Amino acid sequence: MGLNTSPIFGGDGFITTKLSAIANWARKNSLWPMPFGTACCAIEMMGVFASRFDLSRFGAEVARFSPRQADLMIVSGTITYKMASVCRRIYDQMPEPKWVIAMGSCTCGGGPFDSYAVVQGIDEFLPVDVYVGGCPPRPEALIDAVMKIQKKIEMQGAPVL
Amino acid sequence: MRNNRISSVTLLKATILSLWLTMKNLFRRPVTVQYPATRRPIPERWRGGTFALTTDKETGEENCIGCKLCERICPSNVITVEMEKHSGRGWAKSFILDLQACIQCELCVQVCPTDAIVMVYGMETPVTRREDLILNKEKLMANEKLYPAAWARGLKLQQLHEPERGTEEKRGVVGK
């Protein structure tokens, strides 16, 4: 590309990097979550979407139950091995780029269910970006997690600590 | 056959009533908590934050004697304590609390005979690495200074469970 590497625009890939920054700004402010609620953490997640905590202040209020239209997967609730394949398939159906929040103790590390039926942490089969501990976590913690995802998108995928 | 049509008076009444409700909500104070700017007050007996290991206020020694009661009662088996004995009492050589699977049931606080482990009012923050949810002894000791301790303490809760002194004689249970 002549224009992209032209020294007038600052040399290597100026336009593409600026374009991706603009795209990331847009992605950051319109995260559409796919609520994968299987247990009681989902109740707290509904509370976050509702008016008291109002996740729409962060542009993430459009809960899409179709994975094709979502880019943030909030896995809230115990994931059993039977559910794991469904969860993975829904994740695979989401278009890139996509992010995952593991909400609650059950998704982070199995919770109290140390049994043969329950997945001990969903990062056994999903790439998790943010872990929210708690049983269930407060709505504020989930808002914090969404803010952390936004920061991660802003920093172009660099790890946020 | 009965006439099922609704009279226009009923319809008008219903319309005015619903519009009145809309009007009331329009001028009500918004319920939204603007979270990062304002925070909800935490209730006094709330449990659900992180944990801390306490130290003695006077001597500065840590309170934990490594008795492993919390390890035994924990329903998710997230606490691991190693005990060592020197200078006349037990000490926790290592104390690992794994918040990955902790369900904040506060049972470890309830059984602690020395008020060593307490919950704190500090909010549990989301992390990007799973290792960060594992609290070792250093992190737990640091939490004591970072956050205010919660209401519940081991000895306080155990006293609540104890029957009042002398009640058994009064009831006539003893010596029957």
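Naming: A, B, ... by sequence-line order, numbering from 1 per chain. Owing to the predicted nature of the structure, the values given are computational and were not obtained by experimental measurement.
Of the possible polar contacts, none joining the A:D71 side chain to the A:P97 backbone as a donor-acceptor pair under 3.5 Å is found. With hydrogens and angles ignored, the 3.5 Å screen pairs no side-chain donor or acceptor of A:K98 with any backbone N or O of A:M73.
Of the charged side-chain nitrogens involved, at least one lies within less than 4.0 Å of a carboxylate oxygen, so that A:D129 and A:K152 count as a salt-bridged pair. Salt bridge annotation for A:D92-A:R88: present, with a cationic side-chain nitrogen under 4.0 angstrom from a carboxylate oxygen.
Chosen from B:G49, B:G48, B:P36, the residue pairing most often with chain A at heavy-atom distances under 4.5 Å is B:P36. Chosen from A:D114, A:T107, A:V130, the residue pairing most often with chain B at heavy-atom distances under 4.5 Å is A:V130. Most heavy-atom pairs under 4.5 Å with chain B: of the set A:G121, A:P112, A:G110, this distinction falls to A:P112. Most heavy-atom pairs under 4.5 Å with chain A, from the set B:Q100, B:R40, B:Q104, B:Q34: that is B:R40. Across B:C102, B:C74, B:P75, the residue that shares the most heavy-atom pairs under 4.5 angstrom with chain A is B:C102.
The side chain to side chain donor-acceptor pair (under 3.5 Å) with B:T55 is formed by just one residue from the set B:K145, B:E61, B:E144; it is B:E144.
For the pair A:R138 and B:W46, the distance from NZ or CZ to the six-membered ring centre is under 6.0 Å and the angle to the ring normal is within 45 degrees.
Using a 4.5 Å cut-off between heavy atoms, A:M103 does not touch chain B at all. In this structure, no portion of B:R39 lies under 4.5 Å from any heavy atom of chain A. Contacts between A:R52 and chain B at a heavy-atom distance below 4.5 Å involve backbone atoms as well as side-chain atoms. Residue B:I103 touches chain A through both its backbone and its side chain, counting heavy-atom pairs closer than 4.5 Å.
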**Report entry** Trace of the side chain to side chain donor-acceptor pair (under 3.5 Å) decision for B:N63 with B:T114
**Finding:** CA-CA 6 Å; B:N63 282 330; B:T114 54; 6.0 Å; no

